[in-house]
Structures are given as structure tokens and as C-alpha cells.
There are 2 protein chains.
Amino acid sequence: MRIGELAEAAGTTTKTLRFYEDQGLLPPAERTPGGYRGYTTESLTRIDFIHRGQAAGLSLAQIRQVLDIRDHGQAPCDHVRDLLDARLTDIDLKLRQLHDLRDTLAGLRDQAEHVEPDTCSSDQVCRYL
Amino acid sequence: MRIGELAEAAGTTTKTLRFYEDQGLLPPAERTPGGYRGYTTESLTRIDFIHRGQAAGLSLAQIRQVLDIRDHGQAPCDHVRDLLDARLTDIDLKLRQLHDLRDTLAGLRDQAEHVEPDTCSSDQVCRYL
DNA sequence: CTTGACCTTCCCCTGTACTGGAAGCTTTAG
DNA sequence: CTAAAGCTTCCAGTACAGGGGAAGGTCAAG
């Protein structure tokens, strides 16, 4: 399989696949005599895994760690569990922050609805903020 | 007031203030004969406004728009209301996405708790994702 | 007069995940 | 044989909000 076919099969672009190889997410591809990269369906599995990792909000660096562990013949289970836990903690924090921001913003928006623009004084640029 | 004092008073750095001037968020500062930037408390007000805007999740570009309107002698009220509305819509979307991601992740984490690692097959890299 | 703190401009670097484009080679169809 | 599609490498840029550090000028105290 050439890089274009693989890209289409995986729902990505050739640029991205070369980028992944460059970043160590994909092993250096075999080459045809002409210098073209050649792939098997294994590559597809690997790219799908990368996509699942991204869907779980993992960074490429984190996904690469998992892949590296696997490539060293070990089961990445523990590490993946840790990553998932860290992501959950992280997301919970972000959710709280975003909720707070939403409340702040809703408050400002509400004020903006009830305050007369005439009372704006230039010493604060804008009453609403 | 020199740039260092202003930076400290505003809780930021001299680097950031020069950057803001460069980006058009602060007007070009007056200069002393020696070439030093000189500020008044007006600058402090403006920087505080920038910080309030950031706290509301606005980008520097958006804050600059508001400042530009004000600098043109107009009241930026309507524009600020629109910005707040857009931010709210945006944040609500982000909150939904983050909730979804959290659910997905919690599901994965839950599976990871109950699945035997032995059943991992290398054709999917990791059962947990 | 000198030291040290502060200031100036200038250019490059950070992290993230790619994307765009140029110059040139390979392969396939007609 | 030729044209087009697809591939190669390499360099550069995107958005965001600054940060790092060099080379040199200015100002106040001792």
C-alpha cells in the first residue's frame, strides 16, 4: 500500500503520515526500489490507535509513549490507566474552570442588559467588563 | 512612571507591556529625553481592562477591537455585548464537548478496571483505548 | 568615575499538530 | 513518448501570548 492509499483508508493525509513517522509515532516505512513508502494493514491498525488516543484527548507525545512501551514488547496497560486517570483529573479541573468562567460571563452579560450605556465613564473603558 | 514600575503595579512584566504596545493594545508610549517610556495611571487603567477582558476569556485581538472603538470616541457597549454573547455560546459548546469527553474517558477507565490485561492482543495495541 | 539597576531594540524560541509549497523523481495510462 | 498523478525531501508558516537573551544606552548613588 502506498502512502496515499493508506492516508485515505485511515481518513487522514499523506502530510500527516509523514509527520507521524517523523515524530516516531509510526516506524520508518519500508521503501520500494523507487523510494516510495510501502505499508501493510498493520500501519492502519496503528493509525487507528492513534486516532482513538486523540479521541480520548491524549497528546501525540502521550500516545507515542504508549506505542513505545508496546514496541518494547511490554503491555502498556498500567501506563494507559495512569494516562486516563490523569486526563480525567485534568478534564474535571477544566470543567470546573469553564463553569466558573461561564458564571462570570453570564453575570457580566446580565449586567450589560440592565446598565445604561450613558453611565459609561472613559476611566474604565467599558462598564461591561 | 517607567515601564518597570508600571509592570509591577499592573502585575505583569516589561516584556509583556512592550508586546502590548507592539500589538496596538497600548498606544505608543511617550518617551523621556533618554528614550525611556513614560506612563501615567491611565495606562494602568487600560492594562487592568485588558486583564478583565482576558479573565472573561477574550483574546487580545478581541480586546484590541474594543479598545479601538473606544479610542475612536465611540462607546463599545454593543460590540462588548456581542463578544460576551459569542463567548457564552462558545463556552457552552466547549462545556458540552468536555462533558462528552469526560463520559467517554470514564467509560474507558471503567473498562480498564474490569478487563484482564491478558486478553490484550497486539493487533489493537491496547485494549483500553 | 564607576558600579549596578534599569532601560532600549533586535531576533529567535516556546508548544501543538499539522499545512503549504517548491523542486525534482517514479509510475501509470494513453 | 508524453502527460498527469503521485511520490520524495526540505524549508517555512499557522495560531496564541508572550519569554529568553544579546548588545548596548541611561540614570542614580557612592
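Just so we're on the same page: letters track the sequence lines, and every chain starts at 1.
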- Within 6.0 angstrom of A:Glu42 CD, more than 12 heavy atoms from elsewhere: no
Rounded to whole Å, the CD1-P distance (B:Ile63 to D:dC16) equals 12 Å
Of the candidates D:dT8, C:dC7, C:dC18, the side chain of B:Tyr36 sits closest to C:dC7
Closest to the 5' end of DNA chain D, once B:Arg2 and B:Leu58 are matched to their nearest nucleotides, is B:Leu58
- Query: Does D:dT9 have OP1 or OP2 sitting under 4.0 Å from an N or O in the side chain of A:Arg31?
  - Reply: yes
(message) Heavy atoms only, 4.0 Å cut-off, all strands: where does A:Arg37 land among base, sugar-phosphate and nothing?
(response) sugar-phosphate
For B:Ala7 and B:Thr13 the tightest heavy-atom approach is CB-C, 3.6 Å
Taken to the nearest whole Å, CG/B:Leu25 to P/D:dC16 is 13 Å
From the candidates C:dG21, C:dT19, D:dG18, the one with an atom nearest any side-chain atom of A:Thr13 is C:dT19
Separation of D:dC7 atom P from A:Glu8 atom CD, nearest Å, is 10 Å
Nearest heavy-atom contact between A:Gly38 and A:Ala29 is O-CB, 4.1 Å
Here the distance between atom P of D:dC11 and atom CG of A:Asp22, to the nearest Å, is 12 Å
Give a yes/no on whether any side-chain N or O of A:Tyr20 is located under 4.0 angstrom from OP1 or OP2 of C:dA17. no
| Presence of A:Arg18 side-chain N/O under 4.0 Å of C:dA17 phosphate oxygens OP1/OP2 | no
A:Glu5 CD to C:dT27 C1', in whole Å, measures 13 Å
Checking B:Arg37, B:Lys15, B:Arg46 against B:Glu21 for salt bridge (charged side-chain N to carboxylate O under 4.0 Å, His left out), the one that qualifies is B:Arg37
Go through the steps to decide whether A:Phe19 and A:Leu25 satisfy the test side chain to side chain contact (heavy atoms under 4.5 Å, CB included), and finish with yes or no.
CA-CA 9 Å; A:Phe19 172 71; A:Leu25 287 149; 5.7 Å; no
From CD of B:Glu30 across to C1' of C:dT8 the rounded distance in Å is 17 Å
Separation of D:dG18 atom P from B:Ile3 atom CD1, nearest Å, is 14 Å
The answer to which of A:Lys15 and B:Gly34 contacts DNA chain D further toward the 5' end, by nearest nucleotide, is A:Lys15
When rounded to whole Å, the CE to P distance for the pair A:Met1 and C:dT27 reads 18 Å
For a quick check of understanding: with a heavy-atom distance under 4.0 Å over all strands, which category does B:Ser59 fall into, base, sugar-phosphate or nothing?
sugar-phosphate
**Report entry** Presence of B:Thr16 side-chain N/O under 4.0 Å of D:dG19 phosphate oxygens OP1/OP2
**Finding:** yes
- A:Thr14 side-chain N/O to D:dC7 phosphate OP1/OP2 under 4.0 Å: no
Practice item. Classify the nucleic acid contact of B:Gln54 as base, sugar-phosphate or nothing, counting any heavy atom under 4.0 Å across all strands shown. Key: sugar-phosphate
